[in-house]
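What follows is one structure encoded as structure tokens, with my remarks underneath.
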Amino acid sequence: MTKIILRLPKVKERTGLSRSTIYALIKGGQFKAPISLGARAVGWLESDVSDFIEARIKASRKA
């Protein structure tokens with residue numbers, strides 16, 4: 001299975017969240033931490049971002 005890595009601009013676009021909100025959610029354990037791509041680059045697995053979105057959809061529809 002191919003793993004796709006998304007950089008921050010794509011993560012922001014897909015989730016609709018700001019950079020600061022994403023990092024606050026990471027700190028709170030609600031969003032998976034990024035993986036290191038190099039000395040100054042990180043990215044998120046597309047599957048992790050999709051799982052986060054699905055969980056938000058399910059939570060909002062229960063309310």
Side-chain angles (χ1 to χ4, degrees):
M1 180 176 199
T2 303
K3 300 283 184 184
I4 297 173
I5 297 173
L6 303 175
R7 299 294 304 273
L8 184 59
K10 286 288 182 190
V11 174
K12 289 169 50 180
E13 180 182 315
R14 305 242 349 245
T15 61
L17 300 172
S18 69
R19 178 191 184 283
S20 59
T21 300
I22 291 168
Y23 279 97
L25 290 170
I26 291 168
K27 187 175 181 178
Q30 298 171 295
F31 199 90
K32 294 244 181 152
I35 57 173
S36 177
L37 301 175
R40 295 181 52 167
V42 297
W44 286 261
L45 291 175
E46 182 182 41
S47 59
D48 290 344
V49 175
S50 295
D51 291 346
F52 171 81
I53 294 168
E54 285 299 318
R56 285 293 173 121
I57 290 169
K58 286 178 185 175
S60 70
R61 296 213 169 137
K62 285 182 182 177

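Predicted model, so just to flag it, every value in this text is computed and none were measured.
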Ile5 and Gly43: which non-hydrogen atoms are nearest, and at how many Å?
CG2-CA, 3.7 Å
Answer whether the closest heavy-atom distance between the side chains of Lys10 and Val49 falls below 4.5 Å.
no
Applying a strict under-4.5 Å side-chain criterion to I, L, V, M, F, W and Y, I'd like to know whether Ile4 and Ile53 cluster together.
yes
Here the pair of heavy atoms bringing Ser18 nearest to Lys12 is C-CG, 4.4 Å
Same cluster for Leu8 and Leu6 if Ile/Leu/Val/Met/Phe/Trp/Tyr side chains link at under 4.5 Å?
yes
Joint hydrophobic cluster, Phe52 plus Ile35, side-chain heavy atoms closer than 4.5 Å:
no
Output, in order, the C-alpha distance, side-chain angles, deciding distance and verdict of salt bridge (Lys or Arg N to Asp or Glu O under 4.0 Å) for Glu46 and Arg14.
CA-CA 10 Å; Glu46 182 182 41; Arg14 305 242 349 245; 3.1 Å; yes
How far does CG of Leu17 sit from CG of Leu25, to the nearest 0.5 angstrom?
6.0 Å
Give the minimum heavy-atom separation between Pro34 and Tyr23, together with the two atoms involved.
CG-OH, 4.4 Å
Are Leu45 and Val11 connected in a single hydrophobic cluster, I mean Ile/Leu/Val/Met/Phe/Trp/Tyr linked by side-chain heavy atoms less than 4.5 Å apart?
no
For Lys32 and Ile26 the tightest heavy-atom approach is O-CG1, 3.8 Å
